[in-house]
Engineer: 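Here it is, the structure, as structure tokens.
One-based numbering along the sequence shown. FYI, side chains are in, hydrogens and waters are out, and symmetry mates aren't considered; it's all heavy atoms of this structure.
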Amino acid sequence: MMATVFYFNWEPELIRWMQQFMGTIGVWIASAVTTFGEKTILVAILGYLYWCRDKRLAKMLGVNLVVAMIANPMLKNLVFRTRPYFNHEGIQCLKPVDSSASVYDISAQGYSFPSGHATNAATAFGTLSIRKEKWIFFLIGVGIPLAVGVSRVALGVHYPTDVIVGWILGYVIAFLGTWIQSRVKREKLFRSCLFLIVLTGCFYCRTNEYFTALGVMLGFFLAIPFEERFVNFEGTKSIPWGALRIAGGIGVYLVVNQVLKLPFSKEFMESITWQAQLIRVMRYGVIIFCMIAVYPLCFKMRKSKGE
């Protein structure tokens, strides 16, 4: 796979300086903070909003987030910048993207520029701060992406310029995406055009994260109109029922994901052949469709007094 190396001289020096003072506790803190830019945490937040609190806000946030998730690897596969620990002695990879693969496996670990965690955090928490318009959400919209970005540099997986551009990209998507969605009338046409645009990445992207994001977008965009037409569930203010919905959603993800993996070998799933990537797109598309459109059918089967 192609790779390029470029950086400012101060960038590896800053990473080395940060890592020499971290220690075990520092690594633990940075690893914990960085999870707020990971897809698992952000999908959990999205699921809470969608299944329990504010379905309309969740759909807007979901569109912005899937655009960020796919725009980032599309840029990475144009720039081909390798991660700092690839290029500089004394810089450690303290938290790989894929812990099951070699830290030098680009197809699994992805390229460096721009930072996906910084992009995702800025998009998600930036969108929430725009929609909620309260000072606490403004602080969250700035503070969490800032902390996530710093943690990515400290962990040795990104140059500072990766993070800066990731922040810019994320906030642009948050503001522009929210503005467009609040004004667009033909939502299906809007989502269809978005999907066709990002589909061009199939011609040049070679990393797993692009095809994962493409599957997530496909499933999400198909699930929204299905849910609106055939399900149309209501949220809940009940804490126990809300917790049950979230737990059930996690269970759906785990079960469907494992079932869809069964017909294929581990070697095939980890390969970068077009067949494996097609299966990856379909697998994540089915998972998201089940979570967003099919699973909420359970909510209509039984309602508690508080719902």
Side-chain angles (χ1 to χ4, degrees), residues 1-3 27 31-32 34-35 37-44 46-47 65-66 68-70 72-77 80-86 92-112 115-117 119-120 152 155-158 198-199 201-220 222-223 247-295:
M1 298 182 69
M2 296 183 63
V27 173
S31 298
T34 204
T35 59
E38 293 180 357
K39 298 178 181 66
T40 303
I41 295 295
L42 298 178
V43 169
L46 182 63
L65 197 51
V66 295
M69 287 171 60
I70 203 164
N72 187 272
M74 289 181 72
L75 285 175
K76 286 182 176 180
N77 281 268
F80 305 117
R81 190 186 202 182
T82 51
R83 297 185 183 275
Y85 62 85
F86 273 70
Q92 302 178 63
C93 174
L94 300 176
K95 186 175 175 55
V97 173
D98 186 347
S99 58
S100 65
S102 167
V103 294
Y104 297 106
D105 182 352
I106 295 179
S107 65
Q109 308 301 342
Y111 292 106
S112 186
S115 166
H117 283 66
T119 302
N120 294 338
R152 300 306 288 165
L155 292 169
V157 292
H158 281 292
V198 302
L199 198 60
C202 290
F203 294 104
Y204 68 91
C205 290
R206 294 294 179 268
T207 53
N208 292 340
E209 58 184 339
Y210 166 78
F211 294 97
T212 297
L214 185 63
V216 170
M217 175 178 277
L218 177 63
F220 190 78
L222 291 176
I250 295 172
V252 169
Y253 168 78
L254 294 175
V255 171
V256 176
N257 186 36
Q258 289 302 314
V259 169
L260 294 177
K261 285 182 177 180
L262 289 177
F264 310 101
S265 67
K266 182 179 179 181
E267 292 74 19
F268 174 80
M269 297 298 294
E270 293 178 352
S271 67
I272 57 173
T273 62
W274 70 267
Q275 296 96 332
Q277 301 297 22
L278 177 61
I279 293 299
R280 177 177 289 271
V281 172
M282 295 174 63
R283 177 162 61 92
Y284 278 95
V286 171
I287 291 171
I288 297 301
F289 186 85
C290 289
M291 294 175 68
I292 300 298
V294 179
Y295 169 59

Engineer: Would a distance-only check, ignoring hydrogens and angles, find a side-chain to backbone donor-acceptor pair under 3.5 Å from Tyr85 to Val103?
Structural biologist: yes

Engineer: Verify side-chain contact (heavy atoms from CB on, under 4.5 Å) between Tyr253 and Cys290, making sure each step is shown before the conclusion.
Structural biologist: CA-CA 8 Å; Tyr253 168 78; Cys290 289; over 6 Å; no

Engineer: My understanding is that only residues two or more places apart in sequence, or in another chain, count here; which of them pass side-chain hydrogen bond (donor to acceptor under 3.5 Å, both in side chains) with Asn120?
Structural biologist: none

Engineer: Can Arg283 and Phe264 be said to form a side-chain contact (heavy atoms from CB on, under 4.5 Å), step by step?
Structural biologist: CA-CA 11 Å; Arg283 177 162 61 92; Phe264 310 101; over 6 Å; no

Engineer: About how many Å separate CD1 of Ile279 and CH2 of Trp274, when rounded to the nearest 0.5 Å?
Structural biologist: 9.0 Å

Engineer: To the nearest 0.5 Å, how far apart are CZ in Arg152 and OG in Ser115?
Structural biologist: 6.0 Å

Engineer: Can you tell me how far CG of Leu222 sits from CD1 of Ile292, rounded to the nearest 0.5 angstrom?
Structural biologist: 12.0 Å

Engineer: Applying salt bridge (charged side-chain N to carboxylate O under 4.0 Å, His left out), can you list everything that pairs with Arg81, at least two apart in sequence or on another chain?
Structural biologist: Glu11, Asp162

Engineer: When rounded to the nearest 0.5 angstrom, what is the spacing between CD1 in Ile70 and CG in Leu65?
Structural biologist: 12.0 Å

Engineer: Mind checking whether Pro73 and Tyr111 have side chains closer than 4.5 Å, heavy atoms only?
Structural biologist: no

Engineer: What verdict does the side-chain contact (heavy atoms from CB on, under 4.5 Å) test give for Cys205 and Leu214, after you've listed the backbone C-alpha separation in whole Å, the side-chain angles of each residue and the deciding distance to 0.1 Å?
Structural biologist: CA-CA 11 Å; Cys205 290; Leu214 185 63; over 6 Å; no

Engineer: Can you tell me if Thr34 uses its side chain to pair, donor with acceptor, with the backbone of Ser31 under 3.5 Å?
Structural biologist: no

Engineer: Can Val157 and Lys95 be said to form a side-chain contact (heavy atoms from CB on, under 4.5 Å), step by step?
Structural biologist: CA-CA 7 Å; Val157 292; Lys95 186 175 175 55; 5.6 Å; no

Engineer: If we only count heavy atoms from C-beta on, is the Val198 to Met217 side-chain gap below 4.5 Å?
Structural biologist: yes

Engineer: Working to the nearest 0.5 angstrom, can you tell me the gap between Met282 CE and Gln277 CD?
Structural biologist: 13.5 Å

Engineer: Between the main-chain N or O of Gly110 and the side-chain N or O of Arg83, is there a donor-acceptor pair closer than 3.5 Å?
Structural biologist: yes

Engineer: Which distance, rounded to the nearest 0.5 Å, do you find between the CE of Met291 and the CD1 of Ile250?
Structural biologist: 8.0 Å

Engineer: Under the side chain to side chain contact (heavy atoms under 4.5 Å, CB included) test, which residues partner Gln275, sequence neighbours left out?
Structural biologist: Phe268, Thr273

Engineer: Do Tyr204 and Met74 have side chains that get closer than 4.5 Å, going by heavy atoms?
Structural biologist: yes

Engineer: So, does Gln109 use its side chain to make a donor-acceptor pair with the main chain of Ser102 at under 3.5 Å?
Structural biologist: yes

Engineer: Hey, is the main chain of Phe86 close enough, under 3.5 Å, to the side chain of Tyr104 for a donor-acceptor pair?
Structural biologist: no

Engineer: Could you go through Tyr284 and Phe211, starting from their C-alpha distance and side-chain angles, then the distance that decides it, and tell me whether this counts as ring-ring contact (aromatic ring centres under 6.0 Å, His included)?
Structural biologist: CA-CA 9 Å; Tyr284 278 95; Phe211 294 97; over 10 Å; no

